[in-house]
Amino acid sequence: MAREVLLPRTLDDLWEIFHAEPELHLYAGGTDLLVKLRSQPPLPSGSPSPLVCLERIDGLKGIYEEDGLVCIRACTTHSEIMKDPVIRQHFPVLTKVLSLLGSPHIRNMGTIGGNICTASPAGDTLTPLYTLGASVEARSCDSGRLMPLKSFILGPGSVALQQGEILYGIWIKKDHDFNIHHFEKIGQRKALAIAIASMAALIKLSGEGTIEKIRLAWGSVAPTVAVSHTIEDALTGKPLTENVLRDAMPLVTDALSPIDDVRASAGYRRRVATNLLLRLLQYKDA
Amino acid sequence: MKRGKQVPFRIGTTTPRCDACTKVTGQEKYAADYYGDHFFWAGVKRAGTPHGKLLKVNTEDAKRLKGVVAVLTSEDVAGSNRVGIIRGDQPVLADKKICYAGDPLALVIAENKEALQAAVGFITFDHEPLPGVFDVEEALKKGAPLVHEDSPEGNLLRLVSVETGKGASAFDECDVIVEGVFQTPFQEHAYLETEAGWAYLDDSEQLVVVTTTQTPFRDRNEMAPALGIDVEKIRVIVPYLGGAFGGKDGIAIQCLLGLAALHTGGVPVKMWWGREESFLASTKRLSARMRYRLGVKRDGTFHALECRAYFDTGAYAGLGETVMTLGLEHAGSAYRIPNVSIEGSCVYTNNTVGGPFRGFGVTQVTAAMEQVIDMAAQRLSIDPLAIRRSNALEKGDKNCIGVTLTHSTGIKKCLAALSEHPLWREKEGWKMKAEQFKKRGVGIACMAHAMGYPAVVPDFANAKIEFTGEGRFRIYAGIVDMGQGNTSTYAHIAGAMLGQDTSVFELVQPDTERTLPSGSSSASRTTYVYGNALIIAVEDLKKRILDKALHLFCSAQAEELMLVPGGIRHREGKKKVSLRKVAGLFDEPERTCTAHFRSPAATEMLDRIYLGPHIIFSYAAHLSYVEIDMLTGCAEVIGYLAVTDAGNVINPQAYEQQIQGGIAQGIGFALSEDYKVANGHTDTNNLATYIIPTAMDVPDMMSVAVDNVEETGPFGMKGIGEISISGPVPAIANAVADACGIRIGRNPITAENIFQALQKQDDQEKPR
């Protein structure tokens, strides 16, 4: 049976749709949802619930600076963010991640809000946003609220949006002082790959090579992005050397809880994600 | 074709292919591009379960749905309901049994796609599940469940064995014996164009099927008895294919489309498989398990070879046994080996359906043979290139099944060119430059690939060329162009002979009513066999044109005239007459020239191997640069070289496209492609889970064509379509072994596989 797709142009139109039709599938880009729907068997009878496409709402697009913060509105595409000079200047880790996300076609379709709300353990934008300490803003027709991204993502495919609420934007502080922005993704191929494991790292490295501050996040190795203050604390104040990193590796292994799937085994994911820490050595003399 | 600069075709000079512009601009009409004002959609309900006795297909609920025109089962098939070019063991619609998860149970015809999809969902079936058989060696054990109860040798479809010299007893005379077990998985063709078609009954009640196939004439012969209609009442038309690679060699969608068109009351019907259906129901490269033993003398001379191979043909025979046989014929790759014992079993299972795939069995055995050679070289501390050079076949030698090579045999030339190439000469320096946590290795592999059908299968083509009233040339290509560019090369050949450029050529794609039977688009044969026939036809036509033109010149001899782009000129004088003017002098029957060519075939040793041996082979030597990431196990191909002897080159660009395409597909097979079937079900059912390489995963590929002429070939060429796919698996595996000392023996060599092997190696090296 044919499915209805609604294409609101303004947030007011959207709130009206919400009011009239509470059972909706929201999407922004559709690169995950449309694939998922295609693989579902057709319903034996009746019409499936309508889809609401958010990506044509102007108020949900664009990148803005405000009081030392950058706001990426939810329906900004990966390509737009990747090309944005403000993002490139302040959050190069995000630019790097996006250059490895999917393919040019997927980056042109997919949006950052969609990637977050899909809440896949392999969602590429999540690890850099965790390391950057991003917050998200949810809005409904009469209110808005801010919360850390970490609290917004509840588990695989699950986010803290309430009925009538949408993800409005992502807020990131501009004034961090990390001088190393690192991201690596292990996939089954170099493009159009879903991560088997990934790691984002932000480091403030002193002139003498001491790790003054570090943020680490791993993707695809736990139900949500894996972070660990224990590891970050263990590395802080230490010189960036192979021994220091190797000493921290058992802590990483403990922090991960990967699964087996068609792409890789849990054991491989755990060991490789741990090994990715050693890649930080390339910045030793940078 | 648009008139550009008038540069006539020349043999050995690159000319962009005739189909390039219409394809990239979207003007070319593929089988999926047929629509009409009023037409129906057809689709299939598939079993989804690998083995069972089919009791009943329940179609009543589906039939009652709005928009459903008909729901057909095996009872609606008027003919034998069986296809399969050798054994005829595959039903059009399953009747008694389900033999694999993709078996079609019912065919739905509906007014639109939505009704079609809903109706397929409403079809159920009653069956008695049977224990399945999913492993080739298990399948051959006594008491294993039988895929076909009426198969004379149970699950063994065919056993082929070849012994030469002293056979395996010659191992006693060897100084070094190396052995290994090698496995290659099912490979999905993953062509861009999934199976599609358009069919209808025309005014004369003839069934017209426009579809995706490599075998139009053979299909017609198979469809007629299966559907119970006269072969003369079937017309198969094949537009350019969007890829096939062997996967459209034989019946897949053709009978279903035809059956649907017989039940629409004259309304055209369209069918177009989705990606998942194509993955499920199309054939796969036969997976293989091969036990190899190579015996070598101390000086590196190959003395004895033993190969025990099991090929999984899946649920139906198709061409599975011929795939295995061609593999076994190449079990010794491109070398002299005086004593061999080769034995292969082609086995039925409930896994999927095996079939042709570029390389046709040779890719599997080459993966094994070229790795044991490196193992032997390492044991003897002989350079892997040197050991290959000293054993490489030469014209006059006997190949591994004992057949004397009487045609061009250029493997030594390939190895010589490889040894002089900078990638070979500079390899040690490159290896040393590996960064932290990286290791680098270089691997080589040789390969041979037979051209054409085996000896007892007549390999012929019938060319047809028409000089139209407008003074243009229309070539009727009876062999499908699945993307390899063979029909474009036909224009190249004719153009070079007639002094014409692309603008005066029209290419008619296969149509059983308009073009002449010329066999399948397969076996690296399309340009060789049709090209040879075309040369005869063009010579005939050229003579006719010059003879006619004499009337327009004050000249007594045809030899004084020459063809120039768009016309005819006197060699000395300035006078030029347009082709159109000459064409006006032709009577209708004189316009068309046809010619028949039959490829040379072995006349001796026909019983040496099933269907007889081949006599013309192409050869190649490949080299790969591979870097291993020791932190992840990821292998990256950094550089690749293919040196090929496929005779003389007609169009360098088309030649290189074939080489590069085969390498890219081979890299996919080596590193990531794995159609995994567990208990008859697959998790790799789409392009998100079945990992083909992207442009990012393929390095710059260098192609060198050695100077060698195949005397029997059109302008000295021989087949180029398949050979390059057999190189990457062993060349990359050998590079991985060179880089870090591990040999996995099974492709794809994924990062995880390498990583695990490295761990194992690490554990073994640790002091206890």
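Just so we're on the same page: letters track the sequence lines, and every chain starts at 1.
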Proximity breakdown for B:Leu671 and chain A, heavy-atom pairs closer than 4.5 Å: neither
Name all residues meeting the side-chain contact (heavy atoms from CB on, under 4.5 Å) criterion together with A:Val252; count only those two or more places apart in sequence or in a different chain, and write none if there are none. A:Trp218, A:Ile231, A:Leu256, A:Thr274, A:Leu277
Restricting to non-hydrogen atoms, name the atom on B:Phe437 and the atom on A:Leu281 that form the minimum distance, rounded to 0.1 Å. CZ-CD1, 3.9 Å
Closest non-hydrogen atoms of B:Met696 and A:Lys190, given as atom of the first, atom of the second and distance, are O-NZ, 3.4 Å
Any non-hydrogen side-chain atom of B:Gln436 less than 4.5 Å from a side-chain atom of A:Glu242? yes
Any donor-acceptor N/O pair, A:Tyr268 side chain to B:Thr632 backbone, under 3.5 Å: yes
Taking all atoms of both residues into account, what is the closest heavy-atom pair of A:Arg38 and B:Gly274, and its distance? NH2-CA, 4.4 Å
Sole residue of A:Val272, A:Leu276, A:Asn275, A:Ile186 in side-chain contact (heavy atoms from CB on, under 4.5 Å) with B:Leu631: A:Asn275
Heavy-atom closest pair, residues B:Phe755 and A:Arg271: CE2-CB, 3.7 Å
Presence of salt bridge, A:Arg263 and B:Asp683, under 4.0 angstrom: no
Between B:Thr750 and A:Gln188, is a side chain to side chain donor-acceptor pair (under 3.5 Å) present by the stated rule, with each step listed? CA-CA 8 Å; B:Thr750 62; A:Gln188 289 174 294; over 6 Å; no
Does CG in B:Asp700 sit with more than 12 non-hydrogen atoms of other residues, nucleotides or ligands closer than 6.0 Å? no
Measure across A:Val262 and B:Lys676 and return the closest heavy-atom pair with its distance rounded to 0.1 Å. O-NZ, 3.4 Å
Chain B heavy atoms under 4.5 Å from A:Ser265: which part of the residue, side chain, backbone, both or neither? both
Is the number of heavy atoms from other residues, nucleotides or ligands under 6.0 Å of B:Trp272 CH2 greater than 12? no
Taking B:Asp629, B:Thr689, B:Thr684 one by one, which has the highest count of heavy-atom pairs under 4.5 Å against chain A? B:Asp629
Considering only heavy atoms, which portion of B:Glu752 lies under 4.5 Å from any heavy atom of chain A: side chain, backbone, both, or neither? both
Under 4.5 Å from any heavy atom of chain A, what part of B:Glu636 do you find: side chain, backbone, both or neither? side chain
Could you measure the distance from the CD1 atom of B:Ile691 to the CZ atom of A:Arg189? Nearest 0.5 Å is fine. 4.5 Å
